[in-house]
Amino acid sequence: MAEKKQAEKKAPVIKTILQADGKDIDISGLAEKALKSYKSVHKRKVVNEFCVYIKPEENAAYYTVNGEGEDAFKVEL
């Protein structure tokens, strides 16, 4: 019976949807995707602050790492 109660307590599916220009854009995992992209290139850099800026008109998100950004810090939506 305890197993059945635990099975019923599943965490809900949580999504974040950005609505812009008549489109629904799922941005739920966007920050994680951007950080993974950054870490794949910058393996040894310590990240203390990671900010994501969403620009739906460009169908992209840009990010900064420790307050610094570059043109390459971009993720397509």
Side-chain angles (χ1 to χ4, degrees):
M1 185 163 169
E3 290 176 40
K4 189 174 184 179
K5 281 189 176 183
Q6 285 181 353
E8 292 173 9
K9 293 184 180 182
K10 287 184 180 179
V13 175
I14 299 173
K15 292 185 178 184
T16 304
I17 307 296
L18 173 67
Q19 292 184 322
D21 296 326
K23 296 186 286 186
D24 287 353
I25 304 167
D26 186 349
I27 59 169
S28 302
L30 186 60
E32 290 84 8
K33 180 180 175 181
L35 181 59
K36 184 177 179 180
S37 173
Y38 176 79
K39 287 294 212 176
S40 72
V41 177
H42 303 89
K43 297 180 187 332
R44 297 182 184 197
K45 177 117 179 179
V46 175
V47 177
N48 295 314
E49 180 184 64
F50 193 84
C51 296
V52 178
Y53 302 87
I54 302 166
K55 297 195 76 175
E57 66 275 8
E58 295 180 18
N59 200 37
Y62 298 89
Y63 55 90
T64 61
V65 180
N66 301 331
E68 298 178 10
E70 296 179 11
D71 290 339
F73 292 179
K74 177 181 176 181
V75 176
E76 297 293 325
L77 297 180

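Note: hydrogens, waters and symmetry copies are ignored here, and every other heavy atom, side chains too, is used.
Between His42 atom NE2 and Ser37 atom OG the span is 9.5 Å, to the nearest 0.5 Å. Atom CD1 of Ile25 sits about 8.5 Å away from atom CD1 of Ile54, to the nearest 0.5 Å. Here Glu70 contributes atom CD and Tyr38 contributes atom OH; the two are 7.5 Å apart, rounded to the nearest 0.5 Å. Taking CG of Leu77 as the reference point, atom NZ of Lys55 lies at 11.5 Å (rounded to 0.5 Å).
With a 4.5 Å cut-off on side-chain heavy atoms, Leu35 and Val52 do not count as touching. Residues Lys39 and Val47 have side chains in contact (heavy-atom distance under 4.5 Å, counting atoms from C-beta outward). Between Lys45 and Asn66 the shortest side-chain heavy-atom distance falls below 4.5 Å.
Using a 4.5 Å cut-off between side-chain heavy atoms of Ile, Leu, Val, Met, Phe, Trp and Tyr, with links allowed through other members, Leu18 and Tyr62 fall into different hydrophobic clusters.
At distances below 3.5 Å, not a single donor-acceptor pair connects side-chain atoms of Asp21 with backbone N or O atoms of Lys23.
Taking the six-membered ring where the residue is Trp, the centroids of Phe73 and Tyr63 are separated by under 6.0 Å.
Gln19 and Asp24 are linked by a side-chain donor-acceptor pair at a separation below 3.5 angstrom, with hydrogens and angles left out of the test.
Minimum interatomic distance between Ser28 and Asp26 (heavy atoms only, all atoms of both residues): OG-OD1, 2.6 Å.
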